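These numbers come from a predicted model, not from an experiment. Letters A, B, ... are given to chains in the order of the sequence lines, protein chains preceding strands, and every chain is numbered from 1.
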There are 2 protein chains.
Amino acid sequence: MNIGQAARASGVTAKMIRYYDEIGLVAPASRTDANYREYETREVNELRFIKRARTLGFSMEEITLLLSLWRDRGRPSREVKAIAEKHVAALDARIAEMQAMADTLRHLSHCCAGDERPDCPILADLTGGSEPTPARHQRTVQSRGRQRD
Amino acid sequence: MNIGQAARASGVTAKMIRYYDEIGLVAPASRTDANYREYETREVNELRFIKRARTLGFSMEEITLLLSLWRDRGRPSREVKAIAEKHVAALDARIAEMQAMADTLRHLSHCCAGDERPDCPILADLTGGSEPTPARHQRTVQSRGRQRD
DNA sequence: GATGGGGCTTCCCACGATGGTAAGGTCAAG
DNA sequence: CTTGACCTTACCATCGTGGGAAGCCCCATC
């Protein structure tokens, strides 16, 4: 099995397989006389493992750990679970951040007329975003007239 | 005002101010005889605008657009709103993706004993993640009865 | 005037994970 | 033997940010 076949079988591009090889995420593939990398079912399974882990958002570093646990028949599931839970926590934190961004923007967008007039609470927020009155947007937004541009 | 003062006043690092300068996000700063960049309140306000927009997750490209609208007194708020709404949609899409990852991992984690035994539904999922039975994690994984969660 | 510390300048490198491309070797089918 | 598909390495780009080196400048203190 050469790299292209392994790529199709695993869902990982040949490019990325070489990259994983290069950074040592997977053991260096054996080579043919013509210096072609060759793969067996075992390597393809590793690549699918990596692919799936990437799909779940694990970083390369985490995947390195997961792979070593996966290869270790005697690993305690506790360690795997710890990695997963840490990643879930990181995802949740990032989600919360993005949710906050989206909520703020939804609110500003809701307050923006979205017509031909130039007055815009979104730009007003970006201009003076550090001011302590984010919740009080009525139609009087125009009266804040602090545009000094 | 030199770049360090502008950085402190805007919350943008000097490094990033130079970068924004370089990529043309802001107009090239005027220079002193000693080739030092100099800033006025106006530029600091632009930098704060950028900072705030970055906090809300806008890309540089979007910020370029937002800045040009901000500078244009006659802009229609419609255009600003369109950018904001598009960004909200992108955020929501990304949040949904990450939420799906987190939910899957939470489920797997919940099913993992997390003890000294090597059997682990998380690794099992990563191994055969592409198989068509994602919900069917048989209880036979833990043949000795469950102790935790 | 000299000296020293801190700030400024440009330039280069790094990240993470991926894609692109170019130049050259190889394999298999016609 | 030719052709086209495939492999190899090597380099560049992304995006936004940080780090650092080498060298110049400003100001205060001696």
Side-chain angles (χ1 to χ4, degrees), chain A residues 1-26 28-40 43-44 46-67 87 90-91 94 97-98 101, chain B residues 1-26 28-40 43-44 46-67 87 90-91 94 97-98 101:
Chain A
M1 215 177 195
N2 62 26
I3 201 172
Q5 295 168 313
R8 281 184 291 274
S10 66
V12 179
T13 63
K15 197 87 190 183
M16 291 314 296
I17 296 177
R18 291 194 197 98
Y19 174 67
Y20 296 156
D21 194 334
E22 185 192 335
I23 65 172
L25 185 59
V26 295
S30 57
R31 304 288 186 123
T32 67
D33 290 347
N35 202 31
Y36 281 22
R37 288 174 182 82
E38 45 183 8
Y39 297 91
E40 305 291 332
E43 281 87 359
V44 170
E46 285 207 5
L47 291 171
R48 274 204 262 120
F49 182 100
I50 294 168
K51 173 76 174 175
R52 172 75 176 148
R54 288 293 301 144
T55 301
L56 289 176
F58 286 103
S59 67
M60 294 287 101
E61 199 181 348
E62 288 166 326
I63 294 176
T64 303
L65 293 173
L66 288 172
L67 269 175
H87 180 50
L91 281 171
R94 184 70 188 132
E97 282 178 12
M98 297 177 73
M101 293 178 190
Chain B
M1 215 174 192
N2 62 25
I3 201 173
Q5 295 168 313
R8 282 184 290 274
S10 65
V12 178
T13 63
K15 199 89 189 179
M16 291 314 297
I17 296 178
R18 291 193 197 99
Y19 175 67
Y20 296 155
D21 194 332
E22 184 190 336
I23 65 172
L25 185 59
V26 296
S30 56
R31 304 287 186 125
T32 67
D33 289 348
N35 202 30
Y36 281 22
R37 287 175 182 81
E38 45 183 7
Y39 297 91
E40 304 291 332
E43 282 87 0
V44 171
E46 287 208 3
L47 291 170
R48 275 203 264 120
F49 182 100
I50 294 168
K51 172 76 174 176
R52 172 74 177 149
R54 288 294 299 147
T55 301
L56 289 176
F58 286 102
S59 68
M60 295 286 102
E61 199 182 349
E62 288 166 326
I63 293 175
T64 303
L65 293 173
L66 288 171
L67 270 175
H87 181 49
L91 282 170
R94 184 70 189 133
E97 281 178 13
M98 297 178 72
M101 293 177 189

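- For A/Ser59, the side chain to side chain contact (heavy atoms under 4.5 Å, CB included) test picks out A/Glu61, A/Glu62, with sequence neighbours left out.
- Note on A/Arg18: a base of the nucleic acid sits closer than 4.0 angstrom, heavy atoms only.
- Here A/Glu38 pairs with nothing under the salt bridge (charged side-chain N to carboxylate O under 4.0 Å, His left out) rule; sequence neighbours left out.
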Can you check each nucleotide of nucleotides 25-30 of chain C against protein heavy atoms at under 4.0 Å and return B for base, S for sugar-phosphate only, - for none, in 5' to 3' order? BBS---
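- Listed by chain and residue number, A/Arg31 satisfy the side-chain hydrogen bond (donor to acceptor under 3.5 Å, both in side chains) test with A/Asn35 (two or more places apart in sequence, or in another chain).
- In terms of the side-chain hydrogen bond (donor to acceptor under 3.5 Å, both in side chains) criterion, A/Asn2 has no residue partners (sequence neighbours excluded).
- The structure places CZ of A/Arg54 at 8.0 Å from CE of B/Met101, a figure rounded to the nearest 0.5 Å.
- Across its full length, the helix from C/dG1-D/dC30 to C/dG30-D/dC1 shows an angle of 30° between the axes of its 5 terminal pairs at either end, rounded to 10 degrees.
- Going from atom CD1 of A/Ile63 over to atom C1' of C/dG16 covers 12 Å, rounded to whole Å.
- Of the residues in residues 2-17 of chain B, those placing a heavy atom less than 4.0 Å from an atom of DNA chain D are B/Thr13, B/Lys15, B/Met16, in numerical order.
- Here D/dC24 presents its P atom at 17 Å from CZ of B/Arg31, a figure rounded to the nearest Å.
- Within the model, atoms CE of A/Met16 and CD1 of A/Ile23 stand 7.5 Å from one another, a figure rounded to the nearest 0.5 Å.
- Here B/Arg94 pairs with B/Glu97 under the salt bridge (charged side-chain N to carboxylate O under 4.0 Å, His left out) rule; sequence neighbours left out.
- Distance NZ (B/Lys51) to C1' (D/dG16): 12 Å, rounded to an integer number of Å.
- Here B/Glu43 pairs with nothing under the salt bridge (charged side-chain N to carboxylate O under 4.0 Å, His left out) rule; sequence neighbours left out.
- Within residues 54-62 of chain A, no residue has any heavy atom closer than 4.0 Å to DNA chain D.
- Following rounding to the nearest Å, A/Asn35 (CG) and C/dG24 (P) show an atom-to-atom distance of 17 Å.
- Atom-to-atom, OH of A/Tyr19 to C1' of C/dG19 comes out at 13 Å; the value is rounded to the nearest Å.
- A/Ala90 is linked by a side chain to side chain contact (heavy atoms under 4.5 Å, CB included) to nothing, counting only residues two or more places apart in sequence or in another chain.
- Once rounded to the nearest 0.5 Å, the distance linking NZ of B/Lys51 with CD1 of B/Ile17 reads 10.5 Å.
- Atoms CG (B/Asp21) and P (C/dT10) sit 8 Å apart, rounded to a whole Å.
- Rounding to whole angstrom units, CD of residue A/Glu22 and P of D/dT8 are separated by 13 Å.
- Rounding to the nearest 0.5 Å places CG of A/Leu56 at 10.0 Å from CG of A/Leu66.
- Separating the CD1 atom in B/Ile50 from the CG atom in B/Leu25 is a distance of 4.0 Å, to the nearest 0.5 Å.
- Taking side-chain N and O atoms only, A/Arg37 has a distance below 4.0 Å to OP1 or OP2 of D/dT8.
- Residue pairs meeting the side chain to side chain donor-acceptor pair (under 3.5 Å) criterion with at least one partner in residues 6-20 of chain B, sequence neighbours excluded, do not occur; the list is empty.
- In this structure, the separation between CD1 on B/Ile63 and CZ on B/Arg52 is 12.0 Å, given to the nearest 0.5 Å.
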